[in-house]
Amino acid sequence: IYDADGNSYAHNSFQSIEDRVDASDVEGFIEDLRDDRVRTRRLALYGLNMLVEEDPEACLEALPTLTADLQTSEVDMQAASLDILATLSEEYPEQLTPTADEVLPFLDPSTEQRLLEAAVPLVATIADHDPRAVMEAAPALAALLQDDPPGEGTVLDALVRIAHTYPGAV
């Protein structure tokens, strides 16, 4: 498999990451996310995505790096980071609440669909835990409903959660 940058990924590339997926190697994945090489960062995200399913708590250490990656990386890597953050938010919403400011810019109708599909559930989970943290997203969420968004029910859930606590925001 080749990515848009011409990097190749053979079966053994993925296998070596799968063999490495262990809570004790989170620091190694974090280090790889900071690497200048796109291929290394993609494989680190692949590993963290596998690890977050097995041991979400171990991935909490990667939050600052994943959040920073949202603003600097390409769409595929942003989507992978958002997916990992969304999975983490299911178990640790209180830990993800501070990431709201970095996630809210993705709630724009012009945002690529796969980014919206990953960002909306994360915002909904944060809204369930701390509606104040995403209260300013109410207009953006309402605007998304005009365009028949992916996960329309999740957009509505987020709005309801915000409106329940801050009716004037919706």
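Residue numbers run from 1 in the order of the sequence given.
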Heavy-atom side-chain proximity of [X] to [Y] below 4.5 angstrom:
| X | Y | result |
| --- | --- | --- |
| V134 | T97 | no |
| L45 | S81 | yes |
| D83 | E117 | no |
| E94 | L96 | no |
| Q95 | L88 | no |
| L116 | F106 | no |
| V123 | T154 | no |
| L144 | P109 | yes |

Closest approach of [X] and [Y], non-hydrogen atoms and distance?
| X | Y | value |
| --- | --- | --- |
| A158 | A127 | O-CB, 4.1 Å |
| P105 | D108 | O-CB, 4.0 Å |
| V38 | E74 | CG1-OE1, 4.4 Å |
| A79 | A118 | O-CB, 4.2 Å |
| R161 | A124 | NH1-O, 2.6 Å |
| A169 | M135 | CB-CG, 3.5 Å |

To the nearest 0.5 Å, how far apart are [atom1] in [X] and [atom2] in [Y]?
| X | Y | atom1 | atom2 | value |
| --- | --- | --- | --- | --- |
| M50 | D55 | CE | CG | 13.0 Å |
| L107 | E136 | CG | CD | 10.0 Å |
| L51 | E57 | CG | CD | 11.0 Å |
| D128 | T165 | CG | OG1 | 9.5 Å |
| H129 | T125 | NE2 | OG1 | 11.0 Å |
| I84 | S89 | CD1 | OG | 12.5 Å |

May I ask you to decide whether R41 forms a salt bridge with D32, counting only side-chain N to carboxylate O separations under 4.0 Å?
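Result for this pair is no, no salt bridge flagged.
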Treat each ILVMFWY residue as a node, draw an edge where side-chain heavy atoms are under 4.5 Å apart, and state whether I126 and V160 are in one component.
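I126 does not cluster with V160.
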Cluster link M77 to V75, ILVMFWY, side chain under 4.5 Å:
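Shared cluster, yes.
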Tell me, please, which residues at least two apart from T65 pass side-chain hydrogen bond (donor to acceptor under 3.5 Å, both in side chains).
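Expected list: R34.
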The single option from L159, V170, L156, L104 passing side chain to side chain contact (heavy atoms under 4.5 Å, CB included) against L141
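Single pass found, and it is L159.
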Quick one: does E91's side chain have a donor or acceptor within less than 3.5 Å of a partner on P56's backbone?
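Side chain of E91 to backbone of P56: no pair is present.
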